[in-house]
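Comments concern the structure below.
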Amino acid sequence: MNLTCHHNSSELQNIEHIQDTNAGKMIWFLFLLPFLLMNGGCQVTANRRPVFNGRPFELVSEDTPVGSIVFTIDATDEDLNDILTYGITGADSFYFSCNQSSGETTLVLQLDFEVKQSHSIIQTVFDGLELVQRVFIVQVTDCNDNAPVFYGLPYAVEIPENMPLDSVICNVTAEDYDNEKLIPVTITIEEVIPSSDTDLFYIKDLSDKAPKTANIRLNGTLDFNRKSTFYQLILNATDLGGPLHNTFIYQSTTAYVSVKVVDVPDLDPEFIGAPYMSSIYEHSPLGQSVVTVSAIDGDRGIRDDIFYYIKSSPMSDLFNISINGEISVAGDIDREALLEDGEQIILQVVAQEKNLNIHGQNATANTSVTIRIMDINDNKPQFYNCDVTDCDFTKGPVDSFFGEIEEHSSVRVPVANLTITAHDPDKDQNGAFYLYLRGKDSDCFTVSPQRITNTGMVQILVKDSAAIDYERVHQMEVEVVANDTGLVNDCCSFAFVTIDLIDINDHTPKFDDATYKLKIEEHSPGGSVLGTITATDPDSGDYGKITYSLLPESILNLFQVNSISGTITVVNGDLLDRERTPFYYATLRAQDGMNATGTTLLEIELLDINDCTPVAIGVYNIFVKENIDDVSIQLEATDNDEPGNNNSMIEYEIEPSEFSGNFTINVTTGLITSLGPLDREAIDVSEIGRIILTVKLYDLGIPSLSSYVNVTINVEDLNDNGPIFNKAEYTFFVNESTPGANIGNVKARDKDQTELNNRISFSISQGGSGNFIIRGQREALGQYIGILTLSDPYLQLDYEQQTNYTLIIEAEDNGVDSTNTANATVIVQVLDLNDEPPFIDPSSLKDIFIFENQTGEPQNIATLNATDPDTIHDLEFQQLSMSCFKNEKDVGSICYDWLWLAPNGQLFVNHTEDVDYEVCDHMVMLLRVEDKLTLIGNRYSQNVSQKVVIGDVNDNAPEFLDLKDAFVVVPETAFITTEVASVKAEDKDSGENAALSFSINKVEFIFSNGETQQLGNIFSITTTTEDGIYTGSIRVANNLDRTFKGQYEVTVIVKDGGQPSLSASRSLTIFTIDESYRVVLRFSKSVDELTDNSPAIISQLSIATGSTVFVAGIESAGASKRAIRAGDQSIMTVYCVYTNGTAITPIELNRIIQSNSEVLGALLRLGLYVIGPEDPIIQDDNKMFLGIIAGLAAFIVVVIIIMVSTIVCMRKSHSRKIRAIKASKAAKALPGEMTQGVEAIPGTNIFNAEGANPILNVDLDLGFDLSSSSSDNTSVNSDYDQILARENPIYQFSKDETSSSRDSGHGEEPLAAALNDRQNMSFSNTALDTTDL
């Protein structure tokens, strides 16, 4: 308020007189003041405060561009000529910039709803005289500016191949930071790699709340061997959409889930090359290897160890199998015992994995192994008493035989009734043996035949007919020897033959020849004539009548003779088999009528015909390694036709076939040899490496007979072929900045036919710098592709870092015994895109040091450097924000204009004189660089910070901190080194400039009567520091005089360590408590008990009084001679001192304790019964009753005084109102031109309108106070005040402070307050037309 007065000296004297009167007279002066001002020519002018308009908050979208106007400060001032200046302050004001003239406030730093949802600033408006403020809230509204975020990346799981359908593979969680993280996102499977298994997985949401958690489930079956062993799922999380930059968009994020399929043992092993066939000679030595079986684990990813065992065999204990599958001889093998089994043994072999399968069972596979037993000459011939056509050789052999023959039988006549069959069980030529006779009569007979193969009938023939004479010997003996010349030891068998001689008639019919040789082809039909043989008998009649018959009877099944003509014919040609019996011997008997006989020997030779087909011996199934050029196979065959002629001569011929040209065969010996190395890869894959040669066996008979035998040659695969790329060099093109780009595919093949040798794996052997990865995939048998991609789904190539890559791709097969590799060159050309952001050279961002309080023009302190990998760029430095710090704490935007960053990167100190270390010790500028020529991608560099450190100069003197407590010393309890007071100080400087030390300048005692006395070194001071605050501890240095009444005035000086040093001083008062405040407490306890109870006693006294209790001493009542009753045992002397320097007297302490029943009870229990030297605490009931009466009397007196005062005050109020009415009448008497345009007179403005006279010729007691109503000060924006009070407690505090300042000063006349303190008075009540005092 500006007050300008023009008045005469007499009026000034009156005003001075009024100021000297009491408060009552001042009230009368307030009513007279308007008239005095008008009569004296006094003029009053008032400044009106600006007023804010509009609501105190604004809603701003977080995507509002920097530089946009977000709100405008709207204020009005009724003083039309006042120029309003607008501004903003507060913790969040650095986000905005205010135009001081228009109030338009623009955004300078991007808002982010997710970081901070509201910003509190203080709007200011200044009219040149007064500054008005209000709290303004900028509420940030959300927009769809955040893409969903996946938690827990990366996602990588391993799952077993037998995972059940609908099993959970893994859980994924995604969240959208928009909408306060309350809106769930939608998670889908965007792609599955490989694409052939797109439907193998699906995703299922677990909840509809944010953050969204879903699990990925299996939608099909896995198979480690037949399907992919690795899957990559591309997940997409998409929000529900929302506005961004006035466009409704959806935000999405991609994540990758790597699923590795782990093989489980669910498949049985598999035999390689099954079924197996092999040959071995009987009686092979123990341990001899026969054949090796091999099996592999069907689970290709496990490769479990496999062991083998023989499950079944027709004859046990003949073979063993090792753990590696090698079958060897374990017992003696006899081919002859296996004739019923076809001379072979079929083993059932089991391959079993070492570990159980997933079902807890053994994983096994069965195969058959056929072992053909080949013959050796291990048996000697034996004799059997049976016919050759019907003989059971399982019965035991016979070594004694009996036969008969007529005397003088012709030479080569067989002994009759003798059936001897010789048999050798060995096969083919091993079963051939020779026969001869020995013994005493061996010269008279001969054996026929002399050589037998396998089985034949043995006949004893007459050799010396004359020697066979019944009249000389009736019985003859020979021994037949069967000799197997192939055996060295135990080669022979023996048969003892006893021959009985038959007496005959001497005149017998006689044949012309003793022996007749007949020939006929084997298998001649019945009735075929061999010839006619006749005998003569000189006898006549019936005695000379000759009848013919054949002996022995066994021959009659084959041949017969006409008893009359002597013609010999065939009976059954089917039995005539030269291969079984080439010669037959029969006796042709001619019998006369007297039964005299004559005989001749018939030697019937069966002529060979070509009736036997050549037959191969054994089975031919061999295994050879490929690339071997000396393969040989010896074929063996037999033809049972007569040896030595064309019917039994065998020749060999290989039938034409695909691979017959690779072999040759010796026509006569049957030896097959290879013409060159065998190549497994030349064989069709479907044949599994088998070459089957069909060999024709044919004899030279007419017509020729033939048979065929298959020779199977199993060519085992070797890893003799390496991988071959279809091209030696590949060139691929890929755009830079493409995440996880697919580069291209390379192809390679391996001609080996087994997967063990033709499986190809790819690797990058050179180049790429870890940026690439290649993954193999099988296309067909021996054909693989290598899929070349970037090594990480998020990896991108950068043309600016490298324009091309040369990779050496290595393809390696997985051979069992060896590996082969091949290389191909891949050139990856990176296509350049203008996508590189600029970057600031980190070496130019070193901390910069400047000193505070410098003067002069803006100073260039550094030049920042930035580059852009792109070849063409236009760079511009941009300052984003400025952060100010003091002791690592943010101090707001106080330094926002101290630095200036030029577009070319030069950094200047803008206002050197404003740089103040004490308010900000370092600044951090957030800046970036923009490439204005960037076409795609981010045109801005990473935000970087440039730190500017402000150096301190010693420009601040130490400052004492405010003391809240008064210091008190009780001389009686203050011993030397006792702390009696302390001071604290700090220095806004740093380092040595802020290192402080305290000293005592002087000590002065001020007595209670006002006198002073200078004292010596009765106090000392020590300096300590903590967190930059220095404390000076004032301690007692000498004994204090307890008789002094008053206070100590101690002057303390603090100095810093700067050059030059700065200092400050402060005086502090230490109050003394004299002996008049000593309180004597009497207890019924002993000194020791009182000492033990002293902490509890002090606690109770502190609770009751709220003071600090000092114990001056504890002594025995008897020793002190102050016992006032017999119960006294000990005395405690205490002082009860308040922090303001006052203490409690014994009487006051007595009253306080009696008014607190809890404390009183506790002290009584501790033994207290007297306070003070005389008066006990415990009073009787009469004294208590008297105290109550005295209190009531005092209360009545006080009520009477108050009533009298009220009556006096009402009278004065009535007098003031009467004088105000008189002043109103005087005002109306003034001329109109003097009142026009003049503000209403305070105190009378509601009565000066025409027709508003309140008097109406009667005494009027107005009955109400004319001061302005409190409603005048009520803001129309009270609702907003409540909102701002909740948002910012500082706002409420400022309002309360304003209210309290208006309510202060009551009891002082308004005019006196106005005259005494003009600058402190201001009124914002716009309801009044004038300043109402």
Side-chain angles (χ1 to χ4, degrees), residues 60-70 94-97 99 105-116 140 143-147 244-247 249 251 735-739 794 796-801 830-848 858 860-884 893 895-910 923-948:
V60 181
S61 176
E62 64 174 325
D63 63 349
T64 301
V66 173
S68 301
I69 298 176
V70 292
F94 65 93
Y95 280 89
F96 310 95
S97 176
N99 187 308
T105 304
T106 57
L107 186 67
V108 297
L109 193 62
Q110 190 65 53
L111 301 176
D112 192 342
F113 178 84
E114 287 70 34
V115 175
K116 193 169 185 180
V140 182
C143 65
N144 193 17
D145 63 332
N146 289 282
L244 180 65
H245 302 304
N246 298 322
T247 303
I249 66 168
Q251 296 270 22
N735 286 330
E736 68 170 332
S737 305
T738 303
Y794 301 101
Q796 304 176 16
L797 297 182
D798 191 347
Y799 177 85
E800 285 69 29
Q801 293 183 358
V830 183
L831 303 180
D832 186 24
L833 298 177
N834 191 1
D835 61 342
E836 291 296 327
F839 63 90
I840 299 174
D841 185 3
S843 62
S844 66
L845 294 174
K846 298 179 180 178
D847 291 352
I848 303 172
N860 184 2
I861 58 176
T863 299
L864 306 182
N865 298 323
T867 59
D868 191 312
D870 293 321
T871 55
I872 301 176
H873 53 267
D874 181 12
L875 304 184
E876 178 182 281
F877 283 85
Q878 298 174 351
Q879 176 180 337
L880 300 179
S881 65
M882 177 73 74
S883 300
C884 312
S893 58
C895 63
Y896 75 97
D897 60 346
W898 291 1
L899 298 178
W900 176 66
L901 178 63
N904 62 355
Q906 289 186 321
L907 186 62
F908 294 88
V909 179
N910 197 28
M923 302 173 284
V924 177
M925 176 184 288
L926 185 65
L927 57 97
R928 68 183 179 188
V929 173
E930 179 185 1
D931 182 1
K932 294 184 175 297
L933 300 181
T934 299
L935 297 178
I936 63 172
N938 188 7
R939 63 173 56 243
Y940 300 102
S941 70
Q942 292 289 332
N943 295 346
V944 298
S945 298
Q946 173 63 59
K947 183 177 182 181
V948 178

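For the numbers below, each heavy atom of this structure counts, side chains included, while hydrogens, waters and symmetry mates do not.
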Which distance, rounded to the nearest 0.5 Å, do you find between the [atom1] of [X] and the [atom2] of [Y]?
{"X": "F908", "Y": "I861", "atom1": "CZ", "atom2": "CD1", "value": "9.5 Å"}
{"X": "L244", "Y": "S61", "atom1": "CG", "atom2": "OG", "value": "8.0 Å"}
{"X": "H245", "Y": "N144", "atom1": "NE2", "atom2": "CG", "value": "10.5 Å"}

Would you check if F96 and T106 make a side-chain contact, meaning some heavy-atom pair closer than 4.5 Å? no

Do E114 and E62 come close enough that some side-chain heavy atom pair is under 4.5 Å?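 The answer is yes; the side chains approach within 4.5 Å.
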
Output a table of donor-acceptor pairs, distance under 3.5 Å, between side-chain atoms of residues 925-940 and any protein atom two or more places apart or on a different chain; print 'none' if there are none.
{"residue": "R928", "atom": "NE", "partner": "Q878", "partner atom": "OE1", "Å": "3.0"}
{"residue": "R928", "atom": "NH2", "partner": "Q878", "partner atom": "OE1", "Å": "3.4"}
{"residue": "E930", "atom": "OE1", "partner": "Q878", "partner atom": "NE2", "Å": "2.4"}
{"residue": "D931", "atom": "OD1", "partner": "D874", "partner atom": "N", "Å": "3.1"}
{"residue": "D931", "atom": "OD1", "partner": "L933", "partner atom": "N", "Å": "3.1"}
{"residue": "D931", "atom": "OD2", "partner": "T934", "partner atom": "OG1", "Å": "3.1"}
{"residue": "T934", "atom": "OG1", "partner": "D931", "partner atom": "O", "Å": "3.3"}
{"residue": "N938", "atom": "OD1", "partner": "Y940", "partner atom": "N", "Å": "2.9"}
{"residue": "N938", "atom": "ND2", "partner": "Y940", "partner atom": "O", "Å": "3.1"}
{"residue": "R939", "atom": "NH1", "partner": "D931", "partner atom": "O", "Å": "3.3"}
{"residue": "R939", "atom": "NH2", "partner": "T934", "partner atom": "O", "Å": "3.4"}

Run the side-chain contact (heavy atoms from CB on, under 4.5 Å) test against P869 and tell me which residues pass, sequence neighbours left out.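 side-chain contact (heavy atoms from CB on, under 4.5 Å) list for P869, sorted by chain: E800, E836, F839.
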
Given side-chain contact (heavy atoms from CB on, under 4.5 Å), test T105 with I69 step by step and report yes or no. CA-CA 6 Å; T105 304; I69 298 176; 6.0 Å; no

Identify the heavy atoms of [X] and [Y] that sit nearest to each other, and give their distance.
{"X": "S844", "Y": "N865", "answer": "OG-N, 3.2 Å"}
{"X": "Q906", "Y": "T863", "answer": "CG-OG1, 3.8 Å"}
{"X": "L109", "Y": "F94", "answer": "CD2-CE1, 3.7 Å"}
{"X": "F877", "Y": "L864", "answer": "CZ-O, 3.5 Å"}
{"X": "N910", "Y": "P858", "answer": "O-CG, 3.9 Å"}
{"X": "Q110", "Y": "V66", "answer": "OE1-CG2, 3.6 Å"}

Run the numbers on Q946 and L901 for side-chain contact (heavy atoms from CB on, under 4.5 Å), then give the verdict. CA-CA 11 Å; Q946 173 63 59; L901 178 63; over 6 Å; no

Return the set of residues passing salt bridge (Lys or Arg N to Asp or Glu O under 4.0 Å) with K947 (not counting sequence neighbours), or none when no residue passes.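 Not a single residue meets the salt bridge (Lys or Arg N to Asp or Glu O under 4.0 Å) criterion with K947.
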
